[in-house]
Amino acid sequence: MKKHSNTSRSASYTTKRKKRKNIIILSILIPILVIVLGLAVYAAILYATAQKTIDDSYHELGRNKEIEVDPIKETTSILIMGIDDTEDRKLGSSRTDSLIYLTIDPNSHEVNMVSIPRDTYTPIMYQEEYLGEDKINAAYSAGEEQATIETVEELLNVPIHYYVTFNFDAFLKIIDALGGIEMDVPITFSEQNSDGKMDQITLEKGYQTLNGEEALALARTRKIDNDVMRGERQQLLIQAIVEKALSVGSITKYTNVIEAVGSNMRTDLTFNEMLGIAQTGLEGPYKFNSYTFEWTDFTLYGASMVELYPDSVDFISHRFRVALGLDSLDERDAEDYEFETNGITNYAY
């Protein structure tokens, strides 16, 4: 009987140990499963939200692209157009306030950017026809994205594979959805807000976190330097937005960012193409190279214009064509090209 009792106690002890072991395992697995399930549900919601937003924003131009590329595998060029529209005016009823041409190389993780001054005096093209010369921002009012793309291609002698058009509502909401971006403000100044009310935004000199209204003031102001330097600031703002969006702490904010885009964006990038580009960014940090044109200003019929020096345009065009595999390296690439711009020295590197 004792032997039977010992056996029973042993069996009971083993069962209790197994139960405790199972409880310990479950106590570890359940939270993990809940987290994984939660992430899966969140990812599914995020994916569905993003897909619907991009699908709603998709706007094909029906143009014949000379070069087809796979943005997930090949260097791709994108023209970013900033439009000074509001929710009342909508996209397509204004001029471009900012123009940034960039290339993205998913293999070397390198981004090249150049901002084109809005007052650049240049031939305006639309549907392969010459419409005369004007400020480059007038191309959008002549034929929206199609005319702007053709005009920039003519100016820089580069192909534009895709475009993205934002208005300032998107700019504000994206930055606020990300919780602000970190920027170094070069000087203390006051600027109008997004409603056009003067001196509503005051920024102090120094490195700080900017909300959407403050970032917009920094992007738009002409009080602290000139139109070309303004373009450089806009490039830095885009870089800051990309870096913040790719940071781990911003993952849970993506739904708000996507919803912020809403009707404030147009693009001919598909959802899968955008997703592919974003995934390459998550694989490692991108290096940003910024270029600045050499220029001078002049007055025509009472209006201020910007003239880009031909040698400057030729050099920067060459750099982008090399990035796209359309030109070979030559003696111009042996050393940095230095521009003297109204007393400010800038480098393309």
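Side chains are part of it too, since the values below use all heavy atoms of this structure and drop only hydrogens, waters and symmetry mates. Everything quoted here is computed from the prediction, not taken from an experiment.
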Just so I know, are the side chains of [X] and [Y] near enough to count as touching, which here means a heavy-atom distance under 4.5 Å?
| X | Y | value |
| --- | --- | --- |
| Y309 | T296 | yes |
| T188 | L203 | no |
| Y58 | R266 | no |
| Q239 | L236 | yes |
| Y126 | Q146 | yes |

Taking all atoms of both residues into account, what is the closest heavy-atom pair of [X] and [Y], and its distance?
| X | Y | result |
| --- | --- | --- |
| Q234 | S98 | OE1-CB, 3.0 Å |
| A215 | I181 | CB-CD1, 4.3 Å |
| T209 | E214 | O-OE1, 3.9 Å |
| T75 | V69 | O-CG1, 4.1 Å |
| K135 | S304 | CE-O, 3.0 Å |
| T165 | E145 | OG1-OE2, 2.9 Å |

Please determine whether residues [X] and [Y] belong to a single hydrophobic cluster, defined as Ile, Leu, Val, Met, Phe, Trp and Tyr linked transitively by side-chain heavy-atom distances below 4.5 Å.
| X | Y | value |
| --- | --- | --- |
| I238 | M265 | yes |
| L237 | I224 | yes |
| L210 | I187 | yes |
| I100 | Y286 | yes |
| M305 | L308 | no |

Is the shortest distance from a Lys or Arg side-chain nitrogen in E150 or R63 to a carboxylate oxygen in the other one below 4.0 Å?
no
Electrostatic pair R220:E191 at N-O distance under 4.0 angstrom:
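Between E191 and R220 there is no salt bridge, as every charged N stays at least 4.0 Å from the carboxylate O atoms.
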Begin with the C-alpha distance, continue with both residues' side-chain angles, and end with the deciding distance and a verdict on side-chain hydrogen bond (donor to acceptor under 3.5 Å, both in side chains) for T267 and S57.
CA-CA 6 Å; T267 183; S57 301; over 6 Å; no
Reported [atom1]-to-[atom2] distance for the pair [X] and [Y], which is rounded to 0.5 angstrom:
| X | Y | atom1 | atom2 | value |
| --- | --- | --- | --- | --- |
| E153 | E128 | CD | CD | 10.0 Å |
| R321 | L326 | CZ | CG | 5.0 Å |
| I149 | L79 | CD1 | CG | 6.0 Å |
| L99 | R118 | CG | CZ | 10.0 Å |
| R319 | L329 | CZ | CG | 8.5 Å |
| T122 | L155 | OG1 | CG | 4.5 Å |

Any chance the side chains of [X] and [Y] put a donor and an acceptor closer than 3.5 Å?
| X | Y | answer |
| --- | --- | --- |
| E204 | Q208 | no |
| N112 | T103 | yes |
| S194 | E213 | yes |
| D176 | N211 | no |
| T53 | D56 | no |
| H161 | S77 | yes |

Hey, what's the ring geometry for Y121 with F298, parallel, tilted or perpendicular (30° and 60° as the breaks)?
perpendicular
Testing L269, I80, L61, I78 for side chain to side chain contact (heavy atoms under 4.5 Å, CB included) with Y163, which one passes?
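Testing Y163 for a side chain to side chain contact (heavy atoms under 4.5 Å, CB included) against L269, I80, L61, I78 leaves exactly one candidate, L61.
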Would E110 and N289 count as a side-chain hydrogen bond (donor to acceptor under 3.5 Å, both in side chains) if you check the C-alpha gap in whole Å, the side-chain angles of each, and the deciding distance to 0.1 Å?
CA-CA 8 Å; E110 198 163 3; N289 303 313; 2.5 Å; yes
Given side-chain hydrogen bond (donor to acceptor under 3.5 Å, both in side chains), test T151 with E154 step by step and report yes or no.
CA-CA 5 Å; T151 298; E154 178 74 14; over 6 Å; no
Quick one: does any side-chain atom of K244 pair with a main-chain N or O of E182 as donor and acceptor, under 3.5 Å?
no
Look only at the side chain of S115 and the backbone of M113, and say whether a donor-acceptor pair between them is shorter than 3.5 Å.
no
Test side-chain hydrogen bond (donor to acceptor under 3.5 Å, both in side chains) on S108 and D105 and set out the steps.
CA-CA 6 Å; S108 66; D105 187 339; 3.0 Å; yes
Do Y101 and F320 have ring centroids that are under 6.0 Å from one another?
yes
